Each structure stands twice: as C-alpha cells, then as structure tokens.
Amino acid sequence: MNQICIGLFGNGVVGKGFRHLISATGGAVIKKIAVRYPAKHPTLQAPLLAASKEEVILDEDVNVIVEAIDDEVAAFGILQLALQHKKPVITANKKMVARYLPEIIRLQIEHKTPVLYEAACCAGVPVVRLLQDYYHSATINKLEGIINGSTNYILTAMQLFRFKFDHALQLAQEAGFAESDASLDVEGKDGLHKLCILVRHLWSAPVAIDQIVHTGIQNLLPQDLRLAEQLQGCIKLVAVTERTGPGSINAYLLPRLVLKQDPLFQVSQENNGLVIEDLFKGQHFLHGKGSGGLPTATGLWNDIVASRRGYRYQYIDTGSECLSLDYGKEIAVHLSVAAGQFLPATVSGRLHEYAADGSCRYWTGRLSLDELRQDDWWKQEGVSLLDISGLEAEDELELLDHLKTALALQKDIFQPV
Ligand SMILES: NC(=O)C1=CN([C@@H]2O[C@H](COP(=O)(O)OP(=O)(O)OC[C@H]3O[C@@H](n4cnc5c(N)ncnc54)[C@H](O)[C@@H]3O)[C@@H](O)[C@H]2O)C=CC1
Ligand SMILES: N[C@@H](CC=O)C(=O)O
C-alpha cells in the first residue's frame, strides 16, 4: 500500500496537535498545509504551505485530506472538492457535520469516497464508530453524557476550585479546549452539534440542529452551584437521547443536577463521559478526554488508519422502525429567577414558588420538552433552569422540603475567587 500522504487544513490547536502526532509517530507524511491567514504562521513556508484548497487537494501525492478548521462553510467546500477528486476526508469539524450531514452522506455515496468524523464527536473518546458498528438501535434504551469538554472544565473549576466563570472560561480557552467562538461551548451549541451526530449514528435518525431542545451553562447562578453542593451533587451539562415508545425518540441538552451515585458525577475537567443503556447488556460507560489538540489529533489519526482499511460509515437503518422526535417528556426542573424577571403566567401557574432571597425567586415543577421548545423565556438572562430529575423524592412536597433545606443551608459556603 502506498504511503499515507496528508493534505492538512488548519494549523490551530487541532492542526498543531495533529502535526505533533504525525512527527512523533512517523506513520505518515504531511505534504501540504493550508491556513486562513498565512502571516500568522511564519514557520510555515511554501512548498509545505499551500496558497489554496486546490493546491492541497489536487496535489497528486496527497491521498487523504485532514480538515481541522473552524469555519463550517469553507470546510464543506473543502469536503466537496476532495470527494470530487476521490480523496477521503477526515474531519474534526462537528459544526460542519451537524449542519451538512444529509449532503455529506449523499456525496460519499455519489463519489464512493468516505468521510470520517470520530474526532468531531468527543475528540479522544471513540463513540461514533462504536454506535455505528457495535450497538443495535433496537436494543438501546438511552444514551446520556457529558459531550462538551470546555463547559465541563469550567463547571469543575467553579465547583471544585471556586473559580469565577470568566476566569474558568479563560483557562479553558488557554488550554485549547474551547471553540474559537467560545459562546458555542458555553451556550450549548457545540454539544448540540455532537448530539445530532450521536443521534444519527445511534438511532439512524436524521435530526436537524433546530429540532433539539438545548441550552448551555450561560445562565447558571452561584446559587445553583451552592444548591447542588448542598445536595451532595454537582452541575453538569448533559446530553440525552432515549427511546420513548415504538418509533419515537427524544433528544435534549440541559444543565443537570448530577448526584454522587451517577457515573457522570466522576467526569471532571475537560473529560467527556457517556452512559449507553442497552436493554439486555445494561449500562456501558465511556470516559476520556473530550477536547484538546492531542486527543483530537488521535481521533483524526485513528480515522485515517480506518479509512485505509476500507472503513466507512454505513448509515443504514439497523432498527426496524423509522424514528421520529418526541417532545412529550416532562422534566423536573429547578428555576432560579432573578429579581425583576418574571415567568410567563402559563408556566408560573403550574410551578411551585418555594423560596426567595433578596436576589432570586426559586421555583420547581415539571416542564415538557414541548413547552421548552415552543418558548425561550427560560433562556433569557436572569433565568436559570436546572434539570433535577435525578433527585429522588417520594412526592413533590418531600422534594420541595429537600430543596428548601438545601437552599437554607447554603449561606456562605461558596465564595468564588
Ligand atoms: N480544540 C478542540 O479541542 C477541538 C476542536 N475540534 C474542531 O476542530 C476544528 C479546529 O479547532 P481548533 O484547532 O481548536 O481551532 P483554532 O481556532 O485553534 O484553529 C483554526 C484553524 O483553522 C484555520 N482556518 C480557518 N478557516 C480556514 C480556511 N478557510 N482555510 C484554511 N484554514 C482555515 C485557521 O487558520 C486556524 O489555523 C474546529 O472545527 C473545532 O470545532 C474538534 C474537537 C476538539
Ligand atoms: N470545544 C469543544 C472541543 C471538542 O470538541 C469542547 O470543549 O468539547
């Protein structure tokens, strides 16, 4: 077999990590690299530095394209040109995959050339191929997980080390965990992109980005973190997709109160963790580095090797059903609503207002995914929503007592630095 000769797009955190991996392992050659602003990369010079995507893709020695850029439209253009020239594409770009997946599938079939994107989904945790090849959607109940490393890193720093949000975010950016536009991480869009990919490979269900109920950690308040602590838990941004009936699934991404007994409790820093629940095999737990240059580079390299062995995603419906998205699920929520903010009457009429302090009023109750999807009052600044379904209580009054006691106990235990 001829040598692996790579055309690389991007020389940022992931591009540099990938170059480091290739020079450390020596398993391949990088023949061409393209970047957006060459002046920012003075150590890259021609002939290694390419002036256009054509120069990379049309180079006759280049036999695989690795795409690690932060622009999904340009990335899709690279992918199209590469497939037209029968060059396999290995990408870390979840934004592109989530946005263009139906076209990416069509182009792979048309040009009989694979696109692989393990690195795009949980970086160093090998989940896409596992879902695609090992599990059978007919026996899966549920997948839930922490699939964004930056928010998990930020929450860990805030909860364990008492860092302020801005400081924790800055550290996540400096470490190369965050997207170049970090609001994608913080507001849950990055997790959303990955959840779309997971849903596609777990259930063979094509789901569009705007169909999934989601938010990030942008609205969490110090009180929320304190409440979690008083309940012997912590807060994590958790993605969920589960079977809800014959022919239907749901999918959502929300901040959740995670208690000690939950396997996700131990997932800290930039790590990701996924629990896959099979009807007959029980739970499987995947855990590993979910962001960073080198873990992502490893995901890219593993895909290159797989593509050389002829691997490609099949995108076949492994189950017998055609699944549709179900918004019926009701989620137990705790809401902190800052002074001056109001809940819509239709919602507040059905929730318990159970406490208030000078700055916030606290509510709890149940909201359906449908309500969350229809209305986005809960994403406004000053409103923070926490999924508390993990809190076990015999009845609602017991749950309220539990929450009231925890709130009363919080006092001065949380002093962010
Ligand atoms: N940083 C991480 O931990 C992970 C990042 N990813 C994904 O990998 C990709 C790259 O991420 P980072 O390296 O962190 O970003 P970065 O901001 O560090 O680097 C982006 C690179 O893309 C290049 N670029 C942008 N547009 C280009 C174009 N049209 N042509 C050629 N080069 C272009 C820039 O010159 C830069 O070198 C993104 O899609 C990101 O979502 C995936 C998994 C983990
Ligand atoms: N910004 C992403 C990088 C990996 O996908 C994250 O923090 O998870």
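Heavy-atom basis, side chains included; hydrogens, waters and symmetry copies ignored. Atoms within a ligand are numbered from 1 in the order they appear, just like the ligands themselves. Being a predicted model, the structure only gives us computed values, none of them experimental.
Taking distance alone, with nitrogen or oxygen atoms compared against 3.5 Å, V14 approaches ligand 1 more closely than that limit.
For atom 5 (O) of ligand 2, the closest non-hydrogen atom on the protein side is K94 NZ, 2.5 Å. When only non-hydrogen protein atoms are considered, atom 2 (C) of ligand 2 lies nearest to E179 OE2, 3.2 Å. Of the protein's non-hydrogen atoms, the one nearest atom 8 (O) of ligand 2 is G149 N, 2.7 Å.
With ligand atoms numbered from 1 in the order given, ligand 2 contributes 2 (C), 6 (C), 7 (O), 8 (O) to contacts under 4.0 Å with heavy atoms of N148. Per-residue contacts place K194 under 4.0 angstrom from the following atoms of ligand 2 (heavy atoms of the residue considered): 2 (C), 4 (C), 5 (O), 6 (C), 8 (O). Near G292, meaning under 4.0 Å from one of its heavy atoms, ligand 1 places the atoms 2 (C), 3 (O). Close approach of ligand 2 to D185 (heavy-atom distance below 4.0 Å) involves ligand atoms 1 (N), 2 (C), 6 (C), 7 (O). Within the listing of ligand 1, atoms 1 (N), 2 (C), 3 (O) sit less than 4.0 angstrom from a heavy atom of G176. Less than 4.0 angstrom separates some heavy atom of G290 from each of these atoms of ligand 2: 4 (C), 5 (O), 8 (O).
No hydrogens or angles considered: nothing links the side chains of D387 and Y252 as a donor-acceptor pair under 3.5 Å.
Within the 4.0 Å heavy-atom criterion, neither part of A123 lies near ligand 2. Residue contacts with ligand 1 for A75 are absent, since no atom lies close enough (heavy atoms, distance under 4.0 Å). With a 4.0 Å cut-off on non-hydrogen atoms, D190 touches ligand 2 through its side chain and not its backbone. At a heavy-atom distance under 4.0 Å, only side-chain atoms of T296, from C-beta outward, approach ligand 1.
Considering V35, D70, D71 only, the shortest heavy-atom separation from atom 25 (C) of ligand 1 involves D70. Closest to atom 9 (C) of ligand 1 by heavy atom, among I69, L300, I78, is I69. For atom 27 (C) of ligand 1, the nearest non-hydrogen atom from the set M96, K16, R36 belongs to R36.
With respect to K236 and D262, no salt bridge is recorded, no charged nitrogen being found less than 4.0 Å from a carboxylate O. A salt bridge is defined here as a Lys NZ or Arg NE, NH1 or NH2 lying under 4.0 Å from an Asp or Glu carboxylate O, and E179 with K194 fails to meet this definition. Taking 4.0 Å as the cut-off between side-chain N and carboxylate O, K142 and E277 do not count as a salt-bridged pair. The existence of a salt bridge linking E144 and R256 is confirmed by a sub-4.0 Å separation between a basic side-chain nitrogen and an acidic carboxylate oxygen.
The aromatic rings of Y100 and F76 lie parallel to each other, their planes meeting at an angle below 30°, with 60° marking the opposite boundary. Note on ring orientation: taking the six-membered ring where Trp is involved, the planes of Y313 and Y315 are perpendicular (angle over 60°, cut-offs 30° and 60°).
Put simply, part of E179 is less than 4.0 Å from ligand 1, judged by heavy atoms. The shortest separation from a heavy atom of A120 to ligand 1 is not under 4.0 Å, leaving the residue out of contact.
Here H136 and F280 keep their ring centres 6.0 angstrom or further from each other.
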